[in-house]
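The first residue in the sequence is number 1, and the count goes up from there. Numbering of ligands and ligand atoms starts at 1, following listing order.
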Amino acid sequence: MLDKLKKTLEESPIVKKGEYNYFVHPITDGIMLVEPDLLKEVSNAITKVADLNVDKIVCMEAMGIHIATALSLETNIPFVVVRKRCYGLEEEVAVHQVTGYSECELYINGLRKGDRILVVDDVLSTGGTMVAVLNALKSVGVEIADIVAVVEKGNGKERVKKETGYDVKTLVKVDVNGGKVVIEDSIL
Ligand SMILES: O=P(O)(O)OC[C@H]1O[C@H](OP(=O)(O)OP(=O)(O)O)[C@H](O)[C@@H]1O
């Protein structure tokens with residue numbers, strides 16, 4: 001399982017963002033051809049590991065959007081996007097995102113207290129994004145049924161558990177070693 005994801009990750013070039021080793025991949029960056037079969041493989045794997053008894057899928061702009069779209073089409077579950085744009089709507093919740101190489105504001109709309117949700121994203125690295133979004137989602141009063149990130153790199157999973165109490169499921173765990181992506185583990 002996940003053969004296309006693993007193979008394309010191992011082929012990913014690495015670029016330095018400051019001291020951060022950033023792998024560039026179709027699913028996480030979209031600047032290489034995103035083959036439909038790869039996206040289908042990722043979406044199908046999420047359906048196999050995630051709790052789909054939810055009202056909505058929640059993803060983060062930008063590179064969570066195509067994952068949520070594919071998953072929504074496969075499951076008929078609607079989705080909302082945590083955007084990088086402020087709308088100023090009454091219920092909007094702002095989130096300060098800090099990754100290993102950038103900072104940004106994110107904005108939550110389209111969710112109501114009591115919504116049962118599945119959170120999906122492309123990468124869990126430092127955990128900065130996921131911690132901030134999960135804590136903001138808790139303030140909205142939604143029920144977070146499950147959380148899935150496609151690629152895990154670094155110790156973000158432990159940080160999310162410590163700072164939010166939530167477990168994140170990740171499809172593939174990678175490391176960057178000698179300028180190459182190395183597959184360390186896979187959920188399927
Ligand atoms: O665990 P972290 O260290 O927070 O890194 C993970 C986040 O980094 C990327 O977001 P970013 O906003 O940089 O990129 P994108 O707009 O291309 O999704 C990625 O999409 C994740 O959301």
Side-chain angles (χ1 to χ4, degrees), residues 5 8-9 12-34 38-39 42-43 45-46 50 56-72 79-87 92-111 117-138 140 142 144 146-176 181 183-185 187:
L5 178 61
T8 49
L9 280 167
S12 298
I14 304 297
V15 295
K16 292 292 277 190
K17 284 178 173 288
E19 287 309 302
Y20 188 89
N21 289 313
Y22 186 101
F23 66 87
V24 186
H25 182 269
I27 293 287
T28 59
D29 298 275
I31 58 168
M32 290 137 176
L33 214 53
V34 182
L38 172 61
L39 192 50
V42 166
S43 173
I46 294 173
K56 298 170 186 174
I57 298 162
V58 178
C59 67
M60 282 74 101
E61 180 181 3
M63 299 312 284
I65 295 175
H66 50 302
I67 297 163
T69 303
L71 188 60
S72 180
F79 72 96
V80 292
V81 180
V82 179
R83 291 294 309 268
K84 293 183 172 178
R85 172 183 300 170
C86 174
Y87 288 84
E92 187 166 72
V93 175
V95 181
H96 184 65
Q97 175 200 27
V98 179
T99 70
Y101 51 83
S102 66
E103 292 197 44
C104 181
E105 294 308 307
L106 300 173
Y107 300 89
I108 299 172
N109 286 286
L111 293 171
I117 66 169
L118 165 62
V119 180
V120 297
D121 204 3
D122 61 328
V123 177
L124 177 68
S125 182
T126 67
T129 302
M130 195 59 83
V131 164
V133 169
L134 293 179
N135 284 329
L137 288 169
K138 284 198 284 189
V140 173
V142 299
I144 300 171
D146 217 347
I147 309 156
V148 178
V150 175
V151 184
E152 176 186 354
K153 182 183 75 163
N155 59 5
K157 197 181 264 193
E158 292 74 24
R159 178 180 172 190
V160 172
K161 180 71 176 177
K162 181 163 171 269
E163 297 186 20
T164 71
Y166 286 105
D167 293 306
V168 182
K169 294 172 181 171
T170 57
L171 300 187
V172 175
K173 180 170 172 55
V174 303
D175 190 12
V176 173
V181 172
I183 307 295
E184 290 192 330
D185 200 1
I187 199 170

Contact summary for Y87 and R83, nearest pair of heavy atoms: OH-NH1, 2.7 Å

Atom 6 (C) of ligand 1: nearest protein contact (heavy atom, Å): V123 O, 3.3 Å

E105/K84 under side chain to side chain contact (heavy atoms under 4.5 Å, CB included): CA gap, chis, key distance, verdict: CA-CA 6 Å; E105 294 308 307; K84 293 183 172 178; over 6 Å; no

Residue, atom name and distance, where the atom is the protein heavy atom closest to atom 7 (C) of ligand 1: T129 OG1, 3.5 Å

Test log, rule side chain to side chain contact (heavy atoms under 4.5 Å, CB included), inputs D121 and V119: CA-CA 7 Å; D121 204 3; V119 180; 5.8 Å; no

Which of the ligand 1 atoms, numbered from 1, are nearer than 4.0 Å to a heavy atom of D121: 20 (O), 21 (C), 22 (O)

Top protein contact for atom 19 (C) of ligand 1, by heavy-atom distance: D122 OD1, 3.2 Å

Atom 3 (O) of ligand 1: nearest protein contact (heavy atom, Å): T126 OG1, 2.6 Å

Atom indices of ligand 1 within 4.0 angstrom of Q97 heavy atoms, with elements: 10 (O), 11 (P), 12 (O)

Residue and atom name of the nearest protein heavy atom (relative to atom 5 (O) of ligand 1), distance in Å to one decimal: S125 CB, 3.8 Å

Contact (N/O only, under 3.5 Å) between M130 and ligand 1: no

Polar proximity ligand 1 side, Y22 side, N/O cut 3.5 Å exclusive: no

Over all atoms of both residues, closest heavy-atom pair of V24 and D29: CA-OD2, 3.5 Å

Which atom of T164 lies closest to which atom of V160, heavy atoms considered: OG1-O, 2.6 Å

Backbone N/O of L9 and side chain of S12: donor-acceptor pair under 3.5 Å: yes

Nearest atoms (heavy-atom pairs only) where V98 meets T126: O-OG1, 4.0 Å

Proximity winner for atom 16 (O) of ligand 1, if only heavy atoms of K17, K84, M63, E61 are counted: K84

Separation between CG of L124 and NZ of K157, rounded to the nearest 0.5 Å: 8.0 Å

Ligand 1 N/O within reach of T28 N/O, cut-off under 3.5 Å: no

Contact check, C104 vs ligand 1, heavy-atom distance below 4.0 Å: no

Nearest heavy atoms of H25 and I27, plus distance in Å: ND1-N, 3.0 Å

contact_flag G100 ligand 1 heavy-atom lt 4.0 Å: yes

Taking atom 13 (O) of ligand 1 as the reference point, the nearest protein heavy atom with its distance: Y101 OH, 2.5 Å

Side chains of Y20 and T99, donor plus acceptor under 3.5 Å: no

Nitrogen or oxygen of G64 less than 3.5 angstrom from that of ligand 1: no

